[in-house]
Amino acid sequence: MSQLKNDTFLRALLKEPVDYTPVWLMRQAGRYLSEYKETRARAGSFLDLCKNTELATEVTIQPLDRFDLDAAILFSDILTVPDAMGLGLYFAEGEGPKFERPLKKEQDVRALCVPDMAKLTYVFDAVSSIRKALDGRVPLIGFSGSPFTLACYMVEGGGSKEFRTIKSMMYDRPDLLHHILQVNAEAVTAYLNEQIKAGAQAVQIFDTWGGVLTPPAFEEFSLRYMKQIVAGLLRENEGRRVPVILFTKGGGLWLEAMAEAGADALGLDWTCDIADARRRVGDKVALQGNFDPFALFGTPQSIEAEVARILKGYGSGSGHVFNLGHGINQFTNPEHVKILVDKVHELSRV
């Protein structure tokens with residue numbers, strides 16, 4: 001693998017000295033870019049795009065050719081793992097991801113097991129291909145969904161507004177949910193370790209739905225299993241540390257507990273005050289975030305002002321990776337993304 005030319009992102013995650021605040025964006029390869037839409041049309045479907053090594057590499061690199069980003073993130077989907085478990089992932093037009101065989105019966109839950117990682121070879125092939133294509137330009141981030149977030153889709157059968165089915169299981173049959181979460185945790189650990197072996201230089205665990213839980217339920221059904229994953233990950237590869245980022249959307253209430261999970265950094269959504277977050281976690285972890293994705297729909301002046309506010313809130317010293325508080329919206333103007341990225345670099349230089 002080529003020597004890294006820009007390791008600012010990795011050094012910031014480890015709270016090492018940096019010359020400026022690095023920036024990348026959740027969903028930075030996506031539908032807001034015309035070139036992505038053209039590539040996806042060639043692929044035929046979203047899943048076909050994920051499973052095509054050449055095209056997955058192409059869309060991962062596309063935002064780096066437009067913007068001065070400090071990291072690339074693997075183009076894939078969090079639901080590849082339950083798909084490999086045999087649940088039958090598909091994408092309904094205008095409705096998002098769904099499963100043909102969700103976990104509705106106890107016998108289905110009890111039959112659930114960690115999938116053979118060979119079923120996910122297409123993901124690891126993409127990681128290797130992207131690393132080669134990057135040629136040391138910036139680091140590559142691998143990722144997975146958290147055990148609880150994956151379980152939400154696996155039990156509900158798709159996205160949900162109420163989470164009635166999984167919350168009913170949690171309160172009525174916690175033993176069944178714990179079985180799902182344990183299997184998911186073991187699968188995610190193996191999955192991320194294979195990504196690291198293939199060349200991922202940092203990994204992020206997306207706990208998209210952990211924020212819908214009560215504080216004790218978050219500790220028992222989400223954080224507990226993310227800790228288990230972090231403890232089982234390869235933390236060094238190619239002669240340097242592989243940082244781990246935990247991101248719980250809506251998790252600002254629990255930053256102190258999350259900071260004890262063993263990760264190197266915590267992602268923040270836009271509902272957190274970053275100055276308060278830094279005060280609460282101290283020097284235990286770096287922080288990533290937390291620009292509201294819809295602030296990109298403002299004026300160039302308002303975008304710059306919001307960047308300045310967040311940078312000022314974090315304050316001096318390393319340990320901040322600038323990012324959105326969640327994924328970029330498909331209707332975002334790419335020119336506004338360029339303003340964001342350039343202003344982060346310009347305003348944070350020491």
Taking [Y]'s backbone N and O only, do any of them form a donor-acceptor pair with [X]'s side chain (distance below 3.5 Å, no angle check)?
X      : Y      : value
Lys98  : Leu89  : no
Asn323 : Met26  : yes
Ser348 : Val344 : yes
His320 : Leu311 : no
Asn193 : Gly232 : yes
Asn290 : Asp269 : yes
Gln330 : Arg31  : no
Asp70  : Thr8   : no
Ser144 : Ile205 : no
Thr149 : Ser146 : no

Applying a strict under-4.5 Å side-chain criterion to I, L, V, M, F, W and Y, I'd like to know whether [X] and [Y] cluster together.
X      : Y      : value
Ile245 : Ile274 : yes
Phe331 : Ile328 : no
Val337 : Tyr20  : no
Tyr122 : Phe46  : yes
Val212 : Trp270 : no

Is there a side-chain contact between [X] and [Y], using heavy atoms and a 4.5 Å cut-off?
X      : Y      : answer
Trp24  : Pro63  : no
Val321 : Pro22  : yes
Ile303 : Lys343 : no
Leu233 : Val244 : yes
His326 : Thr208 : yes
Leu25  : Leu340 : yes
Met85  : Lys119 : no
Glu346 : Val307 : no

Quick one: closest heavy-atom pair of [X] and [Y], and the distance?
X      : Y      : answer
Ala43  : Asp48  : O-CB, 3.4 Å
Leu4   : Arg240 : CD1-NH1, 3.9 Å
Arg278 : Ser316 : NH1-O, 2.8 Å
Ala200 : Gly142 : CB-N, 3.8 Å
Ser318 : Val18  : OG-CG2, 3.7 Å
Pro300 : His336 : CD-NE2, 4.4 Å

Could you give the side-chain donor-acceptor pairs of residues 250-257 under 3.5 Å, partners two or more places apart or in another chain?
unit_1	atom_1	unit_2	atom_2	d
Glu256	OE1	Arg280	NH2	2.9
Glu256	OE2	Arg280	NE	2.8

Nearest-0.5 Å distance that lies between atom [atom1] in [X] and atom [atom2] in [Y]:
X      : Y      : atom1 : atom2 : result
Phe124 : Met117 : CZ    : CE    : 6.0 Å
Leu287 : Leu266 : CG    : CG    : 6.5 Å
Leu10  : Glu16  : CG    : CD    : 9.0 Å
Lys104 : Thr165 : NZ    : OG1   : 4.5 Å
Ile339 : Ser302 : CD1   : OG    : 9.0 Å

Quiz item: Do the ring centers of Tyr153 and Phe99 come within less than 6.0 Å of each other?
Solution: no

Quiz prompt | Presence of salt bridge, Glu306 and Arg309, under 4.0 angstrom | solution = yes

Quiz item: Do NZ/NE/NH1/NH2 and the carboxylate oxygens of Glu238 and Arg131 come within less than 4.0 Å?
Solution: yes

Quiz item: Is there a side chain to side chain contact (heavy atoms under 4.5 Å, CB included) between Phe148 and Thr248 once you walk through the steps?
Solution: CA-CA 11 Å; Phe148 179 74; Thr248 295; over 6 Å; no

Which donor-acceptor pairs under 3.5 Å do side chains of residues 73-81 form with protein atoms, sequence neighbours excluded?
unit_1	atom_1	unit_2	atom_2	d
Asp77	OD2	Leu79	N	2.9
Thr80	OG1	Asp77	O	3.2
Thr80	OG1	Tyr191	OH	2.9

Quiz prompt | Passing option when Met154 is tested against Asp108, Ile180, Val109 for side chain to side chain contact (heavy atoms under 4.5 Å, CB included) | solution = Ile180

Not counting sequence neighbours, which residues clear side chain to side chain contact (heavy atoms under 4.5 Å, CB included) with [X]? List them please.
X      : value
Glu106 : Arg110, Arg173, Leu176
Lys312 : none
Ser160 : Glu156, Phe163

Using a 3.5 Å cut-off and no angle test, enumerate the donor-acceptor pairs between side-chain atoms of residues 134-141 and protein atoms at least two apart in sequence or in another chain.
unit_1	atom_1	unit_2	atom_2	d
Asp135	OD1	Ser2	OG	2.5
Arg137	NH1	Asp65	OD1	3.2
Arg137	NH2	Leu64	O	2.9
Arg137	NH2	Asp65	OD1	2.8

